[in-house]
Amino acid sequence: MSDSLENNPDPQQGDALPAKKSSVEIAGRRISIGALAAWVGIFALLALLAFGLLRNQEGPVTVGETVPDFTLTTFDGDQISLEELQDKVVVLNFWASWCKPCEEEAADLEAAWRIYAPRGDVVFLGVDYVDTETEAMVYLEKFDITYPNGPDLRTEISQAFRIRGVPETYIIGKDGKLAAFKISPFISLAEIQSMIDPLLES
Amino acid sequence: MVANLGYGALVITLLVSLYGIGAAYYGARTSKHAWIASARNATLLTFPLITVSALSIIYLLVTNDYQVDYVASVTSNSMPFYLKVTALWGGQPGSLVFWSWLMAAFASAVTLRKWERDQEFLPWVVIVTLVTLGFFVSLNIFFENPFLRLWQTTTGGVTKAMLQPAGSVAYIPMDGSGLNPLLRHPGMIIHPPMLYLGFVAFVIPYAFAIAALVTGRTDDRWIRITRRWTLVAWLFLSLGLILGGRWAYDVLGWGGYWGWDPVEIAAFMPWLTGTAFLHSVMIQEKRGMLKHWNMILIILTYELVIFGTFLTRSGVLSSVHAFAQSAIGPVFFAFMGLTFIVSLSLLLKRWNDLKAKTQMSSLLSREALFLLNNLLFMGILVVCFWGVIFPLISEIFTGQKVTVGPPFYERATGPLFAGLLLLMGVAPLAAWRHSSAKTLGRAMWKPFIASLVVLVVVLVSGVRNWAALLGFWLSAFVALVTLYEFWRGALARRRRSGENLPIALWHLAGRNRRRYGGYIIHLGVVLMAIGIIGIELFQTETQGTISRGEQISLGDYTVTFDSLSVFDTQDGRNVARAVMSVERNGRYVGELYPRRDYYYESQQPMTIPGVRSTWEDDFYILLVDWQPISSAGATFKIYHNPLVNWLWLGGFVFILGTLVAAWPERDPEKNRVSARSSSYATAKA
Amino acid sequence: MMSINRFSKFFPIFILLAGLFALMSAADQVQAQGEQPAGPTDNEVNAIAKQLYCPVCENIPLDVCPTQACAQWRELIREKLAAGWSEDEIKTYFVAQYGDRVLAQPPATGLNWLVYIIPPLAIIAGIYVLYRAFRAWRQAPEDEITEELPVAEVDDAYVAKLEEELRQR
């Protein structure tokens, strides 16, 4: 912030602009350093706030957009990155053990996984959002989840997808672009299938 | 029907405001007084109009008209009457109307003053106040409409609209969600109004400053006119901040009174520039200096008010305090940008006219020390501002979210606040214009020696923490200097008038309200500092789970969990109330009743601590609500807060001092003279 | 001093008494903490939780956050403490899991240096401006006496009147 005090070095010269005042020439007009600093400061602040607002208004990743690459470190220690899953349909599900609505869809997701797993071209990934490992393992055991799950380290993945809460599911097509998404839990197994099946004809 | 009336009143208020702005501008440009008078009347008209709107909302709230979405979101059947009225500012739309109502009230009040000497200011003051009012009213009209009603559409969904959509029927919920339980505390009921009063009242000095810049009347007339407005605005803002702290202490259960939360800081920043301004204008009045700086300060104060309101309401920041995300962000941003640019342009245009023959002969003169005071306040402002916007910068440039929390603010502002305390002790003894180390020393040595005695006493009593020692010493020093000033002034008056000391003191303060009111405020600050030192540096806490009959101890205190009763109340709460008996050093000192209230309709719990307050300390027990509560085991969090009640006492003295300073005198001219002659007398003493 | 023989007769009793003594001191602790199992106390957990912020709800310290998620994080701290982790290790773990925002201050890396540098710089800049201003103002001419406020004429009349009144008292 520029807070310039009365910086007049020569008080004797009434109203005329003293010759030695620090100023610069811009576009043919003289402007003092202080004034320039004030304008720059204000526009910088406004630009910053504008960015902040735009960011706020941004929704999650949109359908058709190329999904940002990420790497998930599973609870078992494996590293899975989106890059290596090219030519596969990826079902990315954000969940947390402290999230009650997540439990509603947990069983359906696991059932869907078991149906698609033998095909080999569909991958289910679970991203544990801001959770503790102990509680997460309890959750996974409770629903007997077998597809890979890992913590969202440093919340990088959820930030990349700009999620607003849990649960949210993002289905990425074989081309690496977002094909569909679901905010809030899936109502049934059929709904999950209805979102995946259209992507399997390639 | 009432909702339509309320909304209509808002729309008409906007139209009248727009008319007033146009009429005032045209009248000012063409010097046609009829138009200016018309604009003045328009301003006066906005107040009854917006009162109609506010009363409509209150009527809807009190009659439980749940078809109106706002009413359903902030009231419920079981809420008591007074809470329903105060629910007016319980949510975003209603609180914006309340803001506008206050703006219209102040705009009207200022247009009702005598304008003979300042005719050229009138149209511009009208314009600035009506532009601000118009902006807030349009927020309500276009974005946050408190009169939207709920309709059930043919497809079965529920929408909100002013007018009935085709084919839909009215949707009237059986009960509302009720006000957030945290907002049902008395402190919370007057804290927002006080803050808004402060914010809105600062618009008036700003309006006059802009008027001064536009008309070129850059002498200190605008300052003299708005002196009382500024003091009143500052009074309300200070009161709002203090009440906020008290509410947080009572209800949040964090054992503290200030969390350095971004929204708290957003309200604190205009207070900082406002306080700097209050001191700095005295320099302009006494010495004619710093005209540029005073303009900058008042413009900054207004812009910080708008910026703070933007931060709280746009959803750019999130915190305990912030309103939910809203569409008003971008509009607010545009308004902020507009006012920044206009204010800065006007200031730069008149920059050279604000020049004065400035001369400062001594670095220890009062004006120099006031400037130092301003530097420190601005330093604190920079720390606060930077800390608030840095998370945003970090997120935009690196994608990483960071938290800038209390350790940053405390470490950075601690030394600055200490510097301000020191100045409070030295500046009252410094004379205007000429003051040397010798004269200052001569005036200062008695209170200084006395303060050292106090320091020794504090050391002897066992305090070893260097920050506390410094803080206590500075507090003692300032208190002694201030009391010394009262003493000298009263003695001088007694010599002159023969009155006895108490009467002399009373008359002295009466004749020099600003000066002695200011001294009382400084004493209030000292008391607050003592409380803050106690709780910040010496607070201890403990937490434990015990069953009935068992004990927890903290320091000298032992607490026994005697019993627990759980019951439902009439106003929709489930209350778990523990009875704890407290002993100190083995002696029984009383019973405390920490509670957990669970509000059924909003499904939210709230903890109310059991507190034992003395001048020495607060013993504060919380019944923790995120653990199970039963006789077999309940978790208690206990805080020991030494000296904290001096904080609230100090706040009270602070407000009292501001009232003294702001109290209207019978003859303002006489008062100004007395202040000068008494400063003349004491400077020579 | 007892003879060795008598000492050895009483030795078991001494052991028993020593054991009882130890038990009683431990019991004191248990009394104060009630139902809690032996392990990190709430206070030890809070000492660390105080320095961290809730990863989900912004700007709320972890030791007072009432949500279930926060309760789980405090249990996580308790687990790690029981496993012997140090305070720094726990904090590093939280940062690795949830990002920098759990810390009460931005870690002094990369762009974050700005947080710590800017305020002191601004204050120094302010001191410099003030210094320049003071210097300029002190160089002004010697006609201090004639330099007065624009509204001085009004005051002078009052000053004269007051001085006269004072003289009369």
Side-chain angles (χ1 to χ4, degrees), chain B residues 219 253-254 259 261-262 285-288 318-320 357-361 363 368 371-372 375 378-379 382-383 386-387 390 393-394 397-398 400-408 412 433 496-497 541-547 550-553 605 625-627 633 635 669-670 672-673 676-677, chain C residues 31-36 41-43 45-46 53 57-61 63-68 70-71 99-107 110-112 114-116 118-120 122-123 126-127 130 133-134 136-138 140-141 144 147-151 154-155 158-159 161-163 166 169:
Chain B
D219 56 274
W254 297 3
D261 178 88
E285 287 182 31
K286 286 278 192 295
R287 302 285 324 277
S318 81
S319 83
V320 216
K357 284 214 176 85
T358 311
Q359 189 248 326
M360 183 156 355
S361 47
L363 278 175
L371 276 176
L372 210 53
L375 176 68
M378 297 311 288
V382 167
V383 169
W386 189 240
F390 188 77
I393 293 179
S394 169
F397 287 100
T398 66
Q400 263 301 318
K401 289 196 203 174
V402 291
T403 308
V404 179
F408 170 78
R433 229 183 276 215
R496 245 189 271 152
S497 65
E541 64 175 273
T542 188
Q543 180 177 320
T545 308
I546 51 176
S547 57
E550 290 183 327
Q551 297 182 325
I552 302 185
S553 44
D625 61 352
W626 59 80
Q627 299 272 42
T635 312
E669 303 292 282
K670 213 156 135 197
R672 236 198 356 263
V673 170
R676 291 190 72 215
S677 72
Chain C
Q31 167 97 50
Q33 283 153 24
E35 305 285 318
Q36 281 178 312
T41 61
D42 278 354
N43 288 336
V45 170
N46 280 340
Y53 274 74
C57 22
E58 290 180 30
N59 290 308
I60 301 183
D63 63 329
V64 292
C65 175
T67 63
Q68 190 203 348
C70 289
D100 286 333
R101 96 185 89 144
V102 293
L103 294 174
Q105 284 184 101
L111 189 69
N112 296 337
L114 279 182
V115 165
Y116 301 104
I118 296 284
I123 295 174
I127 294 176
L130 210 50
F134 276 173
W137 291 334
R138 291 185 78 173
E144 322 158 336
E147 198 226 277
E148 265 298 281
L149 293 168
V151 289
V154 183
D155 286 352
Y158 281 103
V159 170
K161 192 167 166 206
L162 180 73
E163 281 178 354
L166 286 176
R169 281 182 191 264

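A pairwise comparison of heavy atoms in G405(B) and Y53(C) identifies CA-OH, 4.1 Å as the closest pair. W626(B) and A71(C) get closest at one heavy-atom pair: CD1-CB, 4.4 Å. In terms of heavy atoms, P119(C) sits closest to V382(B) at CA-CG1, 4.1 Å. Residue N46(C) comes nearest to E541(B) through the heavy atom pair ND2-OE1, 4.5 Å, listed as atom of the first residue, atom of the second, then distance. When all heavy atoms are compared, the tightest approach of D625(B) to P66(C) is OD1-CB, 4.1 Å. The shortest heavy-atom contact between T403(B) and P106(C) is O-CD, 3.4 Å.
Listed by chain and residue number, V624(B), T635(B) satisfy the side chain to side chain contact (heavy atoms under 4.5 Å, CB included) test with Q627(B) (two or more places apart in sequence, or in another chain). The side chain to side chain donor-acceptor pair (under 3.5 Å) test applied to N112(C) returns no partner, not counting sequence neighbours.
Proximity to chain B is limited to the backbone of C65(C), based on heavy atoms less than 4.5 angstrom apart. Both the backbone and the side chain of F408(B) come within contact range of chain C, with heavy atoms under 4.5 Å apart. Heavy-atom distances place no part of P605(B) under 4.5 Å from chain C, backbone and side chain included. At a 4.5 Å heavy-atom cutoff, the contact between P61(C) and chain B is made by side-chain atoms alone.
Between the CH2 atom in W386(B) and the CD1 atom in I118(C) there is a gap of 4.5 Å [rounded to 0.5 Å]. Atoms CD and CG, from Q543(B) and D63(C) in turn, are 8.0 Å apart once rounded to the nearest 0.5 Å.
Ranking P407(B), G379(B), P406(B) against chain C, the residue ahead of the rest is P407(B), based on heavy-atom pairs under 4.5 Å. With chain C as the partner, the residue from V404(B), T398(B), V383(B), T542(B) showing the most heavy-atom pairs under 4.5 Å is T542(B). Contact count against chain B (heavy-atom pairs under 4.5 Å) is highest for V115(C) among D100(C), L103(C), V115(C).
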Q: Mind running side-chain contact (heavy atoms from CB on, under 4.5 Å) on L111(C) and I393(B) for me, showing each step along the way?
A: CA-CA 9 Å; L111(C) 189 69; I393(B) 293 179; 4.3 Å; yes
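Counting heavy atoms from C-beta on, the side chains of L372(B) and L130(C) come closer than 4.5 Å. Looking at heavy atoms from C-beta onward, F397(B) lies out of side-chain contact with L114(C) at the 4.5 angstrom threshold.
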